[in-house]
Amino acid sequence: MATREIAKRAQALRAAIDDANYRYYALDAPTISDAEYDRLFRELQVLESDHPELVTAESPTQRVGTTPTREFATVRHRVPMLSINNAFGDEEVEAFDRRVREALDVEAVEYSCEPKLDGLAINLTYERGAFVQGTTRGDGFAGEDVTPNLRTVRGIPLRLRTDHPPRLLEVRGEVLMYKRDFEALNARQQEHGEKTFANPRNAAAGSLRQLDPRITAARPLRFSGYGIGEAQGFAAPQTQSGLLDALGRMGVPVSAERAVAKNVAGLLAYYRRLAGNRASLAYDMDGVVYKVNRLDQQRALGFVARAPRFAIAHKFPAEEATTELAGIDVQVGRTGAITPVARLKPVFVGGVTVTNATLHNEDELRRKDIRVGDTVVVRRAGDVIPEIVRAVPGTRKPGAPEFHMPTRCPVCGSAVVRLPDEAVARCSGGLFCPAQRKQALLHFASRRALDIDGLGEKIVDQLVDGELVHTPADLYRLTLEDLARLERMAEKSAQNLLDALARSKETTLARFVYALGIRNVGEATARDLAAHFGTLEPLMDADEETLQGVPDVGPVVAASISGFFRERHNRDVIRALRKAGVTWAEGAPRTAAQGHAAGKTFVLTGTLPNLTREEATELILSRGGKVSGSVSKKTDYVVAGAEPGSKLAKAEALGVAVLDEAGLRRLLKG
DNA sequence: GATCCTCGAGTTCT
DNA sequence: CTCGAGGATC
């Protein structure tokens, strides 16, 4: 064959393979068999290996993966990749529609509806139609460059199918794995003695984050596009649904389940249809997304902080699973609270394997009438903490006894008492109880208290059981030799712990008061007390009446505080701590707050780009503001970052002002 | 006395 | 995140 003919043949093979990929992945309508596909692919490989000069970056043979990289480079997004607010019920969707119609001042709005795929959001950059870069979402502002890995994903076109490619087009979508592909992959992994994945989403994430693209190439990843980022020289359609159609025509796989709804009733009908099909669809979804269809209306609506006002994700209810209740244990908390904990036969729910779930207290247990041996329904509440919803009727084992709270503490044997009108039962042993002593030490060392890095549960167990440490002050007497004798504690980590202890001595009055673990005195109250008294002595000697002069301190809290400081033992520990070198800046009592945020209440949600939660809190406090944990009518500002929680939705519902990090900084500067 | 708003405390898994 | 309960407010 003449060189020209070979080149032509290679060209024809590439076109045929690209076309097969397009029909398979984008149209979901394959026209040739897998065997025929493999034959074409091998012929092209042979041709290219005989004539290396014919190989191009866009050749389908180049999807097999190049050599591994050391790490992924960070790339700033040209247009931030935003998150979408969530709706958890019909009412919230109706409220969303109402807000949209009011803002646009129209009778009805048309929406584009799409499944919310459970995968990883990525950004694909095309220059003059050629795929040049792909990045992960990251924090929304910058992500990781995973171009070589994305190149191996066969559903991602290496070249857009159009005669007039835009100068620049960023395609946004989700990388995911089909359920059946995930199962096959796990079976294969298991066969080869390699680790299996918990769910398709984790499998997709793990596959995409491989440093060696050849591994990614062997994983059955898919792509589904849902929007665009930066676009230059692109005649954008007028609507979201038109945009999806246009992407589809250019060879980008888009969801076949997409639809257009004329009004809010259409949205809810779409939701019910997809929720009903959930099990039979090839992929996992965590809900559906509604977007105002007309792009000019989208622009008019704009953004609130980090999320578009023109879109909302309607989430499916938390997944439930059933398993057997293997037993009920009890735990002893810092305040002596005895909490029953369900031990479950491991069950896979909401993407993780759950073995424990809290039962809160005796009343709750009674209410749900749960007994050991019952089959129970488990769900991950708020998608995080597992809870037992109910027992499945008719699964009770004959003679299964009712659960009773122990009358003696399982750790120290002291009496368990439950005060009238209280839901929790408590061990009355106080600091005599090793469990409470351990928890008190862990609290003292916790990040928001004295922040002693490396003092974890395992170490505290040994220190207390070995009688090396009784009170927090004893921690500062520990030597390298003491620590090196402990299990799982080599010299290096022992030294690290000593360093952390030394560092922790420099603290603040608020942290110190919080670290003491006074009942009913948490972070916020400790801060109020520190600000009000300025130094420790007047606080220690204050009577209950004086204490009630502090904001948010009433009779109960005042009694806890004065009771704590009246105890001889507690005063001794405090003296010993100060003697060991624990210090803080002695401030004058702060009276009226000053600064640009004076008297304003802030609530933080999501991840801010340049500030940690603690830094943001510090910043607000230093300008006289207050930071609270929950949103209400009294909240002045909600500061929202990436992936905000339900607080953002609540803020919008209540009409509370929402700021992003930049807005917060501007406000604090004045 | 009722109601709303906050805070404290406990909790799971990777 | 959620529940329970303390504090503030009317």
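Order of the sequence lines sets the chain letters (A, B, ...), proteins ahead of strands, with each chain counted from 1.
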J.: Counting only side-chain heavy atoms from C-beta out, which of C/dG7, B/dT12, B/dG10 sits nearest to A/Pro386?
T.: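 Taking heavy atoms from C-beta onward, the closest nucleotide is B/dT12.
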J.: Taking only N and O in the side chain of A/Thr525, is any of them less than 4.0 Å away from OP1 or OP2 of B/dG8?
T.: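 Indeed, a polar side-chain atom of A/Thr525 lies that close.
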J.: Who passes side-chain hydrogen bond (donor to acceptor under 3.5 Å, both in side chains) against A/Glu194, sequence neighbours left out?
T.: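 For A/Glu194 there are no side-chain hydrogen bond (donor to acceptor under 3.5 Å, both in side chains) partners, ignoring immediate neighbours.
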J.: Hey, does A/Val424 reach any base, or is it just sugar-phosphate, or nothing, if we go heavy atoms under 4.0 Å?
T.: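 Here A/Val424 touches no strand at all.
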J.: What's the CZ-P distance between A/Phe602 and B/dC5, to the nearest Å?
T.: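 Distance check: A/Phe602 CZ to B/dC5 P gives 19 Å.
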J.: Tell me: CG of A/Leu604 to P of B/dC7, nearest whole Å?
T.: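 Rounded to whole Å, this separation is 12 Å.
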J.: Taking atom types as modelled, find out whether A/Arg519 and A/Thr335 have a side-chain donor-acceptor pair closer than 3.5 angstrom.
T.: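 No, no side-chain donor-acceptor contact under 3.5 Å.
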J.: Counting heavy atoms from C-beta on, name the nucleotide in C/dG7, B/dC5, B/dC7 closest to the side chain of A/Pro555.
T.: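 Minimum distance to the A/Pro555 side chain belongs to C/dG7.
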J.: How are the rings of A/Tyr283 and A/Tyr178 set relative to one another: parallel (under 30°), tilted (30 to 60°) or perpendicular (over 60°)?
T.: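 It falls in the tilted class, 30° to 60°.
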J.: Check whether any side-chain heavy atom of A/Val521 sits under 4.5 Å from a side-chain heavy atom of A/Leu516, and report yes or no.
T.: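 Not in contact.
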J.: Less than 4.0 angstrom between a side-chain N/O of A/Arg519 and OP1 or OP2 of B/dG8, yes or no?
T.: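 Result: no.
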J.: Determine: side-chain N/O of A/Lys633 to OP1/OP2 of B/dT6, distance under 4.0 Å, yes or no.
T.: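 A/Lys633 to B/dT6 OP1/OP2: no side-chain N or O under 4.0 Å.
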J.: Hey, is CZ on A/Arg571 packed in by over 12 heavy atoms from elsewhere, all under 6.0 Å?
T.: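 Result for CZ/A/Arg571: enclosed.
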J.: In whole Å, I'd like the distance from the CD atom of A/Gln439 to the P atom of B/dG8.
T.: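 Result: 18 Å.
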J.: Can a side chain N or O of A/Asn520 be found less than 4.0 Å away from OP1 or OP2 on B/dC7?
T.: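 No, no such contact exists.
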J.: State whether A/Ser630 places a side-chain N or O below 4.0 Å from either non-bridging phosphate oxygen (OP1 or OP2) of B/dC7.
T.: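 No, outside the criterion.
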J.: Indicate whether the side chain of A/Thr216 and that of A/Gln210 have a donor and an acceptor atom separated by less than 3.5 Å.
T.: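 No.
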J.: For B/dG10, take OP1 and OP2 only and decide whether either is under 4.0 Å from a side-chain N or O of A/Gln331.
T.: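 Checking A/Gln331 against B/dG10: no side-chain N or O falls below 4.0 Å of OP1 or OP2.
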J.: Answer yes or no: is there a donor N or O on one side and an acceptor on the other, between the side chain of A/Asn199 and the main chain of A/Arg201, under 3.5 Å?
T.: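 Between the backbone of A/Arg201 and the side chain of A/Asn199 there is a qualifying donor-acceptor contact (under 3.5 Å).
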J.: Which nucleotide sits closest to the side chain of A/Ala524: B/dG10, B/dC7, C/dG7?
T.: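 Minimum distance to the A/Ala524 side chain belongs to B/dC7.
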J.: Report yes or no: do A/Asn496 and A/Ser493 form a side-chain donor-acceptor pair below 3.5 Å?
T.: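 The answer is no; no qualifying pair exists.
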J.: Heavy-atom nearest nucleotide on DNA chain B for A/Gly333 versus A/Thr355: which residue maps closer to 5'?
T.: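 Here A/Gly333 is the residue nearer the 5' end.
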J.: Looking only at side-chain atoms of A/Val556, point me to the closest of B/dC13, B/dC7, C/dG6.
T.: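 Nearest to the side chain of A/Val556 among the choices is C/dG6.
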J.: For DNA chain B, what dot-bracket results from Watson-Crick or G-U pairs at under 3.5 Å, with [ ] for crossers and | for inter-strand partners?
T.: ||||||||||....
J.: Taking atom P of C/dG4 as reference, at what distance in whole Å does atom CG of A/Leu365 sit?
T.: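 So the two atoms are 13 Å apart, to the nearest Å.
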J.: Could you check how far CD of A/Glu387 sits from C1' of C/dT2, rounded to whole Å?
T.: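 Distance check: A/Glu387 CD to C/dT2 C1' gives 9 Å.
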J.: Tell me the interatomic distance from A/Leu529, atom CG, to C/dG7, atom C1', rounded to whole angstroms.
T.: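 After rounding, the gap between these two atoms is 14 Å.
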J.: Looking at the side chain of A/Arg334, which of B/dT14, C/dA8, B/dG10 is the nearest nucleotide?
T.: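 Nearest listed nucleotide: B/dG10.
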J.: For a quick test of reading the model: is some side-chain N or O of A/Ser628 closer than 4.0 Å to OP1 or OP2 of B/dC7?
T.: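 It does, given that an N or O in the side chain of A/Ser628 lies less than 4.0 Å from OP1 or OP2 of B/dC7.
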J.: Would you tell me if any nitrogen or oxygen in the side chain of A/Ser632 comes within less than 4.0 Å of OP1 or OP2 on B/dT6?
T.: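 Yes.
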J.: C/dC3 P sits how many Å from A/His360 NE2, rounded?
T.: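 Result: 7 Å.
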J.: Quickly work out the A/Lys634 NZ to B/dC5 C1' distance and round it to whole Å.
T.: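 That distance rounds to 6 Å.
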